[in-house]
Amino acid sequence: MSGNVLLDTVTPALGAVVSTAMYLSPLKAVLRASREKSLGELNPLPFGVTIANCIAWLSYGLLKHDPFVTAPNAAGVLIAVFMTLTAFGLADEEARHKMRFVCCLTAGVMPLLGVFTAFGAKDAEMQKGVWGLAGNVICLIYYAAPLSTMWEVIRTRNSASILVPLTMMNTMNAALWTTYGVAVLDVYIWLPNGIGLALSVLQVALRLVFPARTGMMPSHQHHA
């Protein structure tokens, strides 16, 4: 700990609130799709990734006894499972196949990591390292999900596919957790969120450089 209340308590508390808001941000679109009985342009695949991301960070937070990491990710698992199940019922067969793969991969890998943590890790530091590394990998996938959309924005010179509220929430979330990770000297927290912050800022820059033209929406959006 840095000994600074702002960095050690206020920043992660805000990060926990913003993380929860970030997980909730696609919920409005999911509920609208449920009412309309159609996903439309909504991409459901990131919801499964969010389940894996939240489970990994929930496990890391519990092992580290860190309530700021634990609380938002406990809520995130529930939110992501709800959105995944809702979207699965509305998805076409190709999307369902991808969602099954992501969810089954999560259901297969996470218990294996749990078994290794309980019986194979020699000490608490190794246990935290296992889940910290898993959280890093999944977190980077989560933040990198919009990359294909970013390429589409550059190709079409149209940023309509970038969701401003979600992008701003991602930016705030990554900035807060990067700051907290640096304050407590936790590379597992500041490294993936630092990379995520750079990607989020890039999306904001693209939104500013290429104005949104709603009449020319790309054929595949990524609402993560």
Side-chain angles (χ1 to χ4, degrees), residues 13-58 61 69-107 110 138-139 141-150 152-153 158-174 176-177 196 199-200 203-204 206-207 212-224:
L14 287 174
V17 172
V18 172
S19 292
T20 305
M22 181 181 68
Y23 295 140
L24 283 168
S25 59
L27 184 59
K28 183 178 179 180
V30 172
L31 293 176
R32 183 174 63 248
S34 180
R35 289 193 304 268
E36 297 174 355
K37 307 300 181 184
S38 172
L39 284 179
E41 297 295 332
L42 184 64
N43 177 22
L45 193 59
F47 302 150
V49 178
T50 303
I51 295 174
N53 180 67
C54 290
I55 290 175
W57 285 112
L58 173 60
V69 176
T70 301
N73 287 290
V77 174
L78 177 61
I79 295 166
V81 167
F82 171 79
M83 293 192 296
T84 299
L85 292 176
T86 302
F88 185 84
L90 303 172
D92 59 31
E93 191 53 41
E94 181 181 358
R96 287 185 178 187
H97 177 74
K98 293 177 181 178
M99 293 174 74
R100 285 192 197 99
F101 174 77
V102 172
C103 290
C104 288
L105 184 63
T106 299
M110 294 302 171
I138 301 168
C139 189
I141 294 172
Y142 177 83
Y143 279 124
L147 284 177
S148 58
T149 296
M150 291 162 65
E152 189 74 17
V153 169
N158 175 23
S159 63
S161 62
I162 295 178
L163 299 180
V164 175
L166 179 59
T167 301
M168 297 307 296
M169 202 65 68
N170 281 342
T171 304
M172 290 174 57
N173 181 69
L176 288 167
W177 287 113
L199 293 174
S200 297
Q203 289 186 76
V204 173
L206 288 174
R207 181 76 182 192
R213 301 192 300 278
T214 55
M216 295 180 59
M217 293 292 286
S219 59
H220 58 285
Q221 299 179 51
H222 291 263
H223 297 182

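For Trp57, the side-chain hydrogen bond (donor to acceptor under 3.5 Å, both in side chains) partners are Asn53, not counting sequence neighbours. With sequence neighbours excluded, the residues that form a salt bridge (Lys or Arg N to Asp or Glu O under 4.0 Å) with Arg100 are Glu93. With sequence neighbours excluded, the residues that form a salt bridge (Lys or Arg N to Asp or Glu O under 4.0 Å) with Glu94 are Lys98. For Asn173, the side-chain hydrogen bond (donor to acceptor under 3.5 Å, both in side chains) criterion is met by Ser19, Tyr143, Trp177, not counting sequence neighbours. Residues that satisfy the side-chain hydrogen bond (donor to acceptor under 3.5 Å, both in side chains) test with Ser200, not counting sequence neighbours, are absent from this structure.
Of all heavy-atom pairs spanning Ala56 and Ile138, the tightest one is CB-CD1, 4.1 Å. Between Gly61 and Val69, the shortest heavy-atom contact is CA-CG1, 3.8 Å. When all heavy atoms of Asn73 and Leu58 are compared, the closest pair comes out as CB-N, 3.9 Å. Counting all heavy atoms, side chain and backbone alike, Pro44 lies closest to Leu39 at CG-CD1, 3.9 Å. In this structure, Ile51 and Ala80 approach most closely via the heavy-atom pair CG1-CB, 3.5 Å.
Ser38 has its side chain out of reach of Leu90: every pair of non-hydrogen atoms, C-beta onward, lies at least 4.5 Å apart. When side chains are defined from C-beta on, Pro26 counts as touching Phe47, because their heavy atoms get closer than 4.5 Å. Counting heavy atoms from C-beta on, the side chains of Phe82 and Leu31 come closer than 4.5 Å. Looking at Arg207 and Thr167, their side chains never come closer than 4.5 Å, going by heavy atoms from C-beta outward.
Remark: Met99 CE is packed, more than 12 non-hydrogen atoms of other residues, nucleotides or ligands lying under 6.0 Å away.
To the nearest 0.5 angstrom, Thr50 atom OG1 is 11.0 Å from Ile55 atom CD1. With rounding to the nearest 0.5 Å, the separation of OG1 in Thr171 from CG in Leu176 is 11.0 Å.
Each side chain to side chain donor-acceptor pair (under 3.5 Å) pair with one or both residues in residues 27-36, not counting sequence neighbours, would appear here, but there are none.
With hydrogens and angles disregarded, a donor-acceptor distance shorter than 3.5 Å links the side chain of Asp92 to the backbone of Ala95.
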Check your understanding: Run the side-chain contact (heavy atoms from CB on, under 4.5 Å) check on Val204 and Met168 step by step: do they pass?
Key -> CA-CA 8 Å; Val204 173; Met168 297 307 296; 4.1 Å; yes
Exercise for review: For the pair Ile79 and Leu24, evaluate side-chain contact (heavy atoms from CB on, under 4.5 Å) and give the outcome as yes or no after the intermediate values.
Suggested key: CA-CA 7 Å; Ile79 295 166; Leu24 283 168; 3.6 Å; yes
